[in-house]
Amino acid sequence: MKTSIATVSISGDLREKLEAIAAAGFDGVEIFENDFLAFDRSPREVRQMVEDLGLAITLFQPFRDFEGLPEPQRGEAFDRAERKFDLMEQLGTDLILICSNVSPLALGGIDRAAADLRALGERAARRNLRIGYEALAWGRHVNDHRDAWEIVRRAEHSNVGIILDSFHTLSRGIDPNSIRSIPGDKIFIVQLADAPRIDMDLLYWSRHFRSMPGEGDLPVVDFMRAVAATGYAGPISLEIFNDQFRAGSPRTIAADGHRSLVYLMDQVRTSEPDLALDLPVLPPRVEVRGVAFVEFAADETEAISLATQLRRLGFRLSGRHKSKSVERYTQGDINIIINTEREGLAHSAYIAHGTSAYAMGLSVEDAEATAERARALGAQMFGQNVGSDQLPIPAIRGVGGGAIYFLDEKSPLRSVWEVEFNPVDDDQALSDAGLLRIDHVAQTMNYEEMLTWLLFYRSIFVTEKSPMVDVVDPSGLVRSQVIDNSSGTLRLTLNGAESHRTLAGRFIAETFGSSIQHLAFSSNDIFATAEALRANGMTTLEISENYYADLEARFRLPASMIETLRAANILYDRDAGGEFFQLYSTNIGEGFFFEVVERRGPYNGYGALNAPFRIAAQKRAIANTHAGL
Ligand code: MG
Ligand code: MG
């Protein structure tokens, strides 16, 4: 499989784009004409740059408003094409994209268009060039790949082929299976893009909201399966018009693009086994069985206040690392690690972010296979020097430069604690609060990074994504994206801040980047937990009286129930499946907090409707702290 990406997909000048594209591992690049025109190097110099980077130019594009014109515009269009052919020869590429005509002058008619393409194909053949015809979703007469194919078929010229673009087909709801009948060698290149489902003008949707395959809602896998069934063996090329990407880091966006293609083709390979596609075999997407631990990096002083909080939450110190300043706190099945080492990743995380939850361990069936899949998908491997008293645990880098460890039965977690830790009897322990497991891990990041991490998690782990939810912070909007699995053993929420005045935005600014902002623990009886927390001296986040008055009106809960919720600062939600209860700690350090939840019945949400009230309460608490109240 040869991979390619259009220069228009990422930011920077042509050189920066090409360097990022090469660094991400692509084989080829589509030169978008404007990127070339805006660049101050000659076509031959660009050709040399591309070659030096080990890339090939897969396509020169776009050539607009060509077919079906009346004279004299028709003749002018042919002259214009000849000049682009000159340029292509200098650039060293043999394929140009002709997109269907949008000009009001264009005359309809499949035979007229076919005759024009045939005549241009003849001129291209004289120079050993090829022309590919693409149906734009908003083309004046041709806006469907089935019509484009009929035109190409009738042009009947070996230098004329079709260019398929998933956006143009899928945005109009055209069945991609209609591609299966096109001969693979008549498809000159395949362009791929996904997009979120938005009801808007096709042109505007396409120019601003395309995304990498897997990041949006279009059935790009079905599209590519149909392409694969034709025997097509050319490059698969990303053509992504997205305002956010063009403002983002070229290297990150290019890396996301490459990951999206590897993930996509892995899905195509496994869903079309009869095609025996010549593609790398990846270990399958990984089922996560649970979050085995979360690790904090802290300095000694902050480690003490974090430990105090954990004890109030009912955790007890149960182990100390044999050779490192690392402590293990436990309750139920939950493991929290506090790392105060002065070297290694924990220390650099502390230097970069302050006290923060920078790493987590996930329980999986096969840790090595998980790491192998992640590696194939471009994840950065993480390995620290392992001492004689430590187990080598496969790990990758995650959000904010943190680490994700994989633990399996072959290196049972129990033995990690047994091998690396000395047991401790905690003489400062308070009452157990009935916390059982980590319910969810909430990571906060800049909004621009959300799609990157969505693709990262979704491509490696068996997960579903729910639609993005907007959470209103008094100072702006926070986008929230849930990634979880059906068994609830992996629940992640990604919160993307658009403004640094939002609580999430301030967290990013003060902790210098993305990381885990809150950890939610599950309880089977949140009222008993609340009572234990109170007895342990923990202050919970105070929720407004008005919230409880509204709760009564919304859910018609009995007054006694409302009173119990209010007294313990417990928030409430309900859906068709069940009920949800949540309470929060006050902020710790730079805005980190803990949450306790109880799910009664198969409630699968996260209390998104309550988030604005929680955020307002947190902001109030911060203001009160600053005012010395
Ligand atoms: Mg296209
Ligand atoms: Mg939460």
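Both counts, for ligands and for their atoms, begin at 1 and track the order of listing. Below, all heavy atoms of this structure are taken into account, side chains as well, without hydrogens, waters or symmetry copies.
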Pi-cation contact, Phe456 with Arg259 (under 6.0 Å, within 45°) = no
Decide whether a cation-pi geometry holds between Arg600 and Phe580; the criteria are a distance under 6.0 Å from NZ or CZ to the six-membered ring centre and an angle within 45° of the ring axis.
-> no
Give the name of the N/O/S atom in [X] that lies closest to the Mg ion (ligand 1).
X	value
Asp165	OD2
Glu239	OE1
Glu134	OE2

Please state whether the rings of His518 and Phe593 are parallel, tilted or perpendicular, taking 30° and 60° as the class boundaries.
-> parallel
What protein N, O or S atoms come within a distance below 2.8 Å of the Mg ion (ligand 2), ordered by chain and number?
-> His440 NE2, His518 NE2, Glu595 OE1
Between Asp484 and Lys465, is there a side-chain N and carboxylate O pair less than 4.0 Å apart?
-> no
Quick one: do Arg620 and Glu542 make a salt bridge, cutoff under 4.0 Å?
-> no
Any N/O/S atom of Gln61 sitting less than 2.8 Å from the Mg ion (ligand 1), backbone or side chain?
-> no
Begin from the C-alpha positions of His258 and Phe26 and carry the test ring-ring contact (aromatic ring centres under 6.0 Å, His included) through to its verdict.
-> CA-CA 7 Å; His258 197 264; Phe26 285 93; 5.1 Å; yes
Minimal heavy-atom distance between Ser237 and Ile189, with the atoms involved, is CB-CD1, 4.1 Å
Salt bridge (charged side-chain N to carboxylate O under 4.0 Å, His left out) partners for Lys2, two or more places apart = none
